Amino acid sequence: MAEFALVDATTWIGGYDFTGDLNQVQLQVSADELDSTTFGSGGFRKRIGGLRSVQASLAGFWSSATSAAPDPHVMPDLGVADRVVTMTPDGAEGSVAYFFQGAKFSTQMFGQIGEVTPFSVDVMGSNKVGLVRGQVLKAKGTVNATGATGSALELGEVADGQWLYAAFHVFSAGTTITAVLESDEDDDFADATTRATFGPITTTGGVWAARVAGPITDEWYRLRVSAVTGTFQIAGAAGIGS
């Protein structure tokens, strides 16, 4: 993949899209470095990986005027675990997506006189699942009818010992919606199998699907709205991990 300018980095947390509030995003994944050097090592250190962690640092411009502003979705939510976080370079269907369950553990706001008011938030992984690398199946958009939504993508087979993961975001809610993650051996989905169900959902927020163990020989995946009343604004991603 060629180099590209970071102009549309997308960040969804639960039922809020932080994208338009931010001008800096950073996703950091790390493993503790454990020194296991012993005598007889030949003079070089030996190291192994220890505990792993994921952290997202977000920074942008503060606002609290309405629910469509970052502050109402940061301050009341500090320390609340397992919020669904999805980050992508541009939010487009087929783009790489990094998603995890995390908590907003710290925030800063306000700055110098005469400047646009800033804020920053640090989000850290809050459970043992860690970070999943996948793809965006459904870009942020509205739905008000049943049927396939977003793009069908070839994620590949889920090997024995691997898991299928999926995340679903609802940014605005109608009355009720249920969606399913389906797989099939090819992109016509003539013999589709439901792998995860989201809903019924009646409010905004993020849903982390129960992971599905491999082996799964199907390679193609899509989201399908199986029931809906009203208009919803949604997005979703899926990926394969250990």
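Basis for what follows: all heavy atoms, side chains included, without hydrogens, waters or symmetry-related copies. Computed from a predicted model, the values in this text were never measured in an experiment.
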Say you draw a straight line from [atom1] of [X] to [atom2] of [Y]; how long is it, rounded to the nearest 0.5 Å?
X      : Y      : atom1 : atom2 : answer
Gln135 : Ile240 : CD    : CD1   : 9.5 Å
Thr37  : Leu34  : OG1   : CG    : 11.0 Å
Phe119 : Trp62  : CZ    : CH2   : 10.5 Å
Thr146 : Ile177 : OG1   : CD1   : 10.0 Å
Asp21  : Leu58  : CG    : CG    : 10.0 Å
Leu137 : Leu181 : CG    : CG    : 6.5 Å

Please check if [X] and [Y] belong to a single hydrophobic cluster, counting links between Ile, Leu, Val, Met, Phe, Trp and Tyr side chain heavy atoms closer than 4.5 Å.
X      : Y      : value
Val121 : Leu22  : yes
Val170 : Val85  : no
Tyr221 : Tyr165 : no
Tyr98  : Val132 : no
Phe232 : Ile13  : no

* Out of Lys46, Arg45, Arg47, which residue meets the side chain to side chain donor-acceptor pair (under 3.5 Å) rule with Asp35? -> Arg45
* Could you go through the ring pair (Phe, Tyr, Trp, His ring centres under 6.0 Å) check for Trp208 and Phe99 one step at a time? => CA-CA 10 Å; Trp208 187 273; Phe99 53 104; 5.4 Å; yes
If every non-hydrogen atom of [X] is compared with every non-hydrogen atom of [Y], which pair is closest and at what distance?
X      : Y      : result
Ala9   : Val25  : CB-CG2, 3.8 Å
Leu155 : Gly239 : CD1-N, 4.3 Å
Ala69  : Ala65  : CB-N, 4.1 Å
Thr178 : Pro200 : OG1-CA, 3.3 Å
Pro72  : Ser67  : CG-CA, 4.5 Å
Asp160 : Gly214 : OD1-O, 4.0 Å

Donor-acceptor under 3.5 Å ([X] side chain, [Y] main chain):
X      : Y      : answer
Ser151 : Leu153 : no
Thr19  : Thr11  : yes
Ser126 : Asp82  : yes
Lys104 : Arg83  : no
Glu93  : Ala139 : yes
Asp122 : Ser106 : no
Thr194 : Ala196 : no
Thr202 : Thr176 : no
Asp218 : Glu157 : no
Ser120 : Pro118 : no

* Donor-acceptor side-chain pairing of Ser53 and Ser30 below 3.5 angstrom -> yes
* To do: Consider only side-chain N and O atoms of Ser64 and Asp71, and report whether a donor and an acceptor are under 3.5 Å apart.
  => no
Does [X] reach the side chain of [Y], with side-chain heavy atoms less than 4.5 Å apart?
X      : Y      : value
Phe168 : Ile234 : yes
Pro215 : Val158 : no
Gln101 : Val129 : yes

* To do: Go through the steps to decide whether Val207 and Ile201 satisfy the test side-chain contact (heavy atoms from CB on, under 4.5 Å), and finish with yes or no.
  => CA-CA 9 Å; Val207 179; Ile201 299 170; 3.8 Å; yes
* Test: Arg222 cationic atom under 6.0 Å from Phe189 six-membered ring centre, within 45° of axis -> yes
Over 12 foreign heavy atoms within 6.0 Å of [atom1], [X]:
X      : atom1 : value
Glu115 : CD    : yes
Phe110 : CZ    : yes
Glu154 : CD    : yes

* To do: Look at the rings of Phe171 and His169 and say which category their plane angle falls in: under 30° parallel, 30 to 60° tilted, over 60° perpendicular.
  => parallel
* Give a yes or no on whether a salt bridge exists between Lys140 and Asp17, defined as a side-chain N under 4.0 angstrom from a carboxylate O. => yes
* To do: Report the C-alpha distance between Tyr16 and Phe18 in whole Å, list the side-chain angles of each, state the deciding distance to 0.1 Å, and finish with yes or no for ring pair (Phe, Tyr, Trp, His ring centres under 6.0 Å).
  => CA-CA 6 Å; Tyr16 186 69; Phe18 278 84; 4.7 Å; yes
* **Intermediate values then yes/no, side-chain contact (heavy atoms from CB on, under 4.5 Å), Val143 and Lys138** => CA-CA 11 Å; Val143 293; Lys138 168 65 177 175; 4.2 Å; yes
* Let me see the working for Thr193 and Arg195 under side-chain contact (heavy atoms from CB on, under 4.5 Å), right down to the final yes or no. => CA-CA 6 Å; Thr193 300; Arg195 301 296 178 180; 3.7 Å; yes
* Asked: After noting the C-alpha distance and the side-chain angles of Phe100 and Leu27, does the key distance pass the side-chain contact (heavy atoms from CB on, under 4.5 Å) rule?
  -> CA-CA 11 Å; Phe100 64 98; Leu27 179 64; 4.0 Å; yes
